[in-house]
Amino acid sequence: SFYLTLFLIWSVLPLGLVSPPIFQRLLMAKRTEQLRKQYLIVAGLDPLLQVTIMLIGLAGLVLYPHIHATDVMPHIIKELLPIGIRGLAIAGMLAVVISTADSYLHTAGLLLVHDVIKPIFGQKKIFFNELNWAKYCTFLIGTISIIIGLKSTNPLSLSFGAMRIAGPVLLFPLLAGIIGLKTDKKSFYIAMIITLTTFTITSLY
C-alpha cells in the first residue's frame with residue numbers, strides 16, 4: 001500500500017504543479033510559446049533524472065544490502081569512485097541540494113512579503129522597502145529551516161508532510177482553474193480550513 005500510494009502521488013496526481021519554484025519559473029515566461037518549450041524540455045529531461053536516481057538506489061541496494069538507505073550515496077562515492085571523480089560527484093550533489101534549497105527559500109521570502117506583508121501594509125497605507133523585507137524574511141525562513149532540519153531525523157518525512165498539506169490545499173483549486181471552474185475566495189478558504197483540519201486530525205489519530 002505504501003508503494004501504491006507513492007505511485008498514485010507522483011505518477012497520477014501532478015503534485016509538482018504546486019511546487020513554488022516551478023510556479024515562479026512559470027510566471028517568468030514572457031510568452032506562451034516560451035512556456036511550452038520549457039515544459040517540453042522538462043518533460044524530456046525529468047524522466048532521465050528520475051531513472052538515474054532510481055538506478056543509483058537499486059545499485060546501492062544490490063551492492064550494499066546492509067547499509068542504511070541514507071548512507072548509500074556517500075558510501076558509493078567513497079568506495080567506488082576514483083579520487084578526482086569523487087570530488088566532482090560531491091560537488092555535483094552539493095550543487096543540486098543548494099540550487100533546490102535556494103529556489104525554495106527565494107520563493108518563500110518573496111511570497112511572504114508580496115502576498116502577506118505588502119497587502120497588510122497597503123491597507124494601513126504604510127510604505128516599506130519590499131526588497132529589504134524580502135531579504136529579512138528569506139533569512140528568517142532559512143534560519144527556521146536549518147533548525148527544523150537539524151532537529152529532524154527523517155528529512156523525507158518532512159518533505160512528504162509538506163506535500164500532504166500543500167497538495168490538497170493548492171492542487172485541486174489549481175486544477176479547477178485550469179479546467180475552467182470558477183470559484184471565489186470564500187470557497188477556497190473553506191476548502192483550505194477543511195483540508196488542514198482533516199490533515200491535523202488524521203496526523204494525530
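Any value given below was found using the heavy atoms of this structure, including those in side chains, with hydrogens, waters and symmetry copies removed. Because the structure is predicted, anything quoted here is derived from the model rather than measured.
- Residues Ile190 and Ser187 have side chains not in contact (no heavy-atom distance under 4.5 Å, counting atoms from C-beta outward).
- Put simply, CG on Leu55 and CD on Gln50 are 11.5 Å apart, with the number rounded to the nearest 0.5 Å.
- Note on Leu61: it does not cluster hydrophobically with Tyr64, by side-chain heavy-atom contacts below 4.5 Å among ILVMFWY residues.
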When you look at Leu58 and Val62, which way does the side-chain contact (heavy atoms from CB on, under 4.5 Å) test go after all the steps?
CA-CA 6 Å; Leu58 290 174; Val62 172; 5.5 Å; no
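- Taken to the nearest 0.5 Å, the CG atom of Leu150 stands 7.0 Å off from the CD1 atom of Ile146.
- Considering every non-hydrogen atom in both Gly60 and Val72, the closest pair reads CA-CG1, 3.5 Å.
- Clustering ILVMFWY residues whenever any of their side-chain heavy atoms sit less than 4.5 angstrom apart, transitively, puts Met73 in the very cluster that holds Ile67.
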Any chance you could lay out the side-chain contact (heavy atoms from CB on, under 4.5 Å) test for Thr138 and Leu110, step after step, and finish with the verdict?
CA-CA 8 Å; Thr138 302; Leu110 288 177; over 6 Å; no
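- For the residue pair Ala29 and Gln38, the shortest heavy atom distance occurs at CB-OE1, 4.3 Å.
- Under the 4.5 Å side-chain contact rule for hydrophobic residues, Leu49 and Met93 do not share a cluster.
- Side-chain atoms of Thr107 do not come within 3.5 Å of backbone N or O of Tyr104 as any donor-acceptor pair.
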For side-chain contact (heavy atoms from CB on, under 4.5 Å), just list the numbers for Lys118 and Trp133, CA-CA rounded to whole Å, side-chain angles, deciding distance to a tenth of an Å, and then say yes or no.
CA-CA 10 Å; Lys118 185 178 179 179; Trp133 273 80; over 6 Å; no
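- In the hydrophobic cluster analysis, where Ile, Leu, Val, Met, Phe, Trp and Tyr join through side-chain heavy atoms closer than 4.5 angstrom, Ile117 is grouped together with Ile120.
- The two residues His114 and Glu130 have their closest heavy-atom pair at ND1-OE2, 2.9 Å.
- Few gaps surround NE2 on His75; more than 12 heavy atoms of other groups in view lie less than 6.0 Å from it.
- Transitive grouping of hydrophobic side chains (ILVMFWY, heavy atoms separated by less than 4.5 Å) keeps Val97 and Ile76 in distinct clusters.
- Within a 6.0 Å radius of CZ in Phe139, other residues, nucleotides and ligands contribute 12 heavy atoms or fewer.
- The number of heavy-atom neighbours closer than 6.0 Å to CG of Leu204, taken from other residues, nucleotides and ligands shown, is above 12.
- Annotation: the span from Lys135 atom NZ to Asn129 atom CG amounts to 8.0 Å, rounded to 0.5 Å.
- Taking CD of Glu33 as the start and NZ of Lys37 as the end, the distance is 5.5 Å to the nearest 0.5 Å.
- Distance check, rounded to the nearest 0.5 Å: CG of Leu105 to CD1 of Ile98 gives 11.5 Å.
- The line from CG of Leu131 to OH of Tyr136 is 9.5 Å long, rounded to the nearest 0.5 Å.
- By the neighbour-count criterion of 12 heavy atoms within 6.0 Å, atom CZ of Arg36 is sparsely surrounded, having that number or fewer from other residues, nucleotides or ligands.
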